[in-house]
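Take a look at the structure set out below.
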Amino acid sequence: MRVSDDSERKRRSVRFVQRYLLNPPAMLAVRFGLAPGYVLVETVGRRTGKRRRNVVGMQIEGSTGWVVAEQGSHAGYVRNIEASPSVRVYIRGRWRTARAQLMPEDDPQERLAGFGRLHASSVRRFGTDLLTVRFDLAST
């Protein structure tokens, strides 16, 4: 068995658990303000044009938000950002427009040091292809 097969198997398993077990209650928790450090990112589907929402952990520094995508360019929301970087982010009870940018030159392990310990450890544990994404939030 090759390493890429192991990564693909792990990626599919993690995606299934997140999509069907973790994300539905996490979305509700974010909407009700019960999940500090997590936000909803709304992208436009690259093929369908439909709005897609994902729960992600985000470190906010002023008007910049940082996300470390566990599955990197394999994540649907990351591929949607590549196609259309204009997004909306649900932070603290309201939607904000933002411009997302993939940062392959950034060190995601070092970036995770600024996140909460629990979130950082789960991303390191379950991630297969870490990628930093920068969100420039529009001023309000």
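These numbers come from the heavy atoms of this one structure, side chains and all, not from hydrogens, waters or symmetry mates. Keep in mind the model is a prediction, meaning the values are calculated, not measured.
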request  = Provide the closest heavy-atom pair for Ser122 versus Glu70 in the form atom of the first, atom of the second, distance.
outcome  = O-OE2, 4.0 Å
Cation-pi check, Arg53 onto Tyr90 ring (under 6.0 Å, within 45° of axis) = no
request  = List the atom of Asp129, the atom of His74, and the distance in Å for their closest heavy-atom pair.
outcome  = OD2-CD2, 3.6 Å
ask   = Gln71 and Leu130: side-chain contact (heavy atoms from CB on, under 4.5 Å), yes or no, with the steps?
value = CA-CA 6 Å; Gln71 308 308 327; Leu130 304 183; over 6 Å; no
query = Does Arg96 use its side chain to pair, donor to acceptor, with the backbone of Ala138 at less than 3.5 Å?
reply = yes
remark   = dist Thr132:OG1 -> Arg111:CZ (nearest 0.5 Å) comes out at 6.0 Å
message = I need the Arg94 CZ to Arg88 CZ distance, nearest 0.5 Å.
response = 12.5 Å
key: Full working for side-chain contact (heavy atoms from CB on, under 4.5 Å) between Glu110 and Leu112   = CA-CA 5 Å; Glu110 188 175 313; Leu112 281 172; over 6 Å; no
task = Of all the heavy-atom pairs spanning Arg134 and Asp136, show the shortest one and how long it is.
result = NE-OD1, 2.8 Å
inquiry  = Can you confirm whether Thr128 sits close enough to Asp6 that some side-chain heavy atom of one is under 4.5 Å from a side-chain heavy atom of the other?
reply    = no
query = Is the number of heavy atoms from other residues, nucleotides or ligands under 6.0 Å of Arg12 CZ greater than 12?
reply = no
task = Measure the shortest side-chain to side-chain distance between Gln101 and Pro85 over non-hydrogen atoms and say whether it is less than 4.5 angstrom.
result = no
message = Could you measure the distance from the CZ atom of Phe115 to the CD atom of Gln59? Nearest 0.5 Å is fine.
response = 5.5 Å
ask   = Transitive ILVMFWY cluster of Leu102 at side-chain heavy atoms under 4.5 Å: who else is in it?
value = Val39, Val41, Val56, Met58, Ile60, Val67, Tyr77, Val78, Ile81, Val87, Val89, Ile91, Leu131, Val133, Phe135, Leu137
query = If two hydrophobic side chains count as joined below 4.5 Å and joins carry through other members, does Leu34 share a cluster with Tyr38?
reply = no
task = Verify the neighbour count for atom CD of Glu61: are there more than 12 heavy atoms of other residues, nucleotides or ligands below 6.0 Å?
result = yes
request  = Check whether any side-chain N or O of Arg46 sits under 3.5 Å from a backbone N or O of Arg79 as a donor-acceptor pair, and report yes or no.
outcome  = no
ask   = Tell me, do Val44 and Asn80 make a side-chain contact under 4.5 Å, heavy atoms counted?
value = no
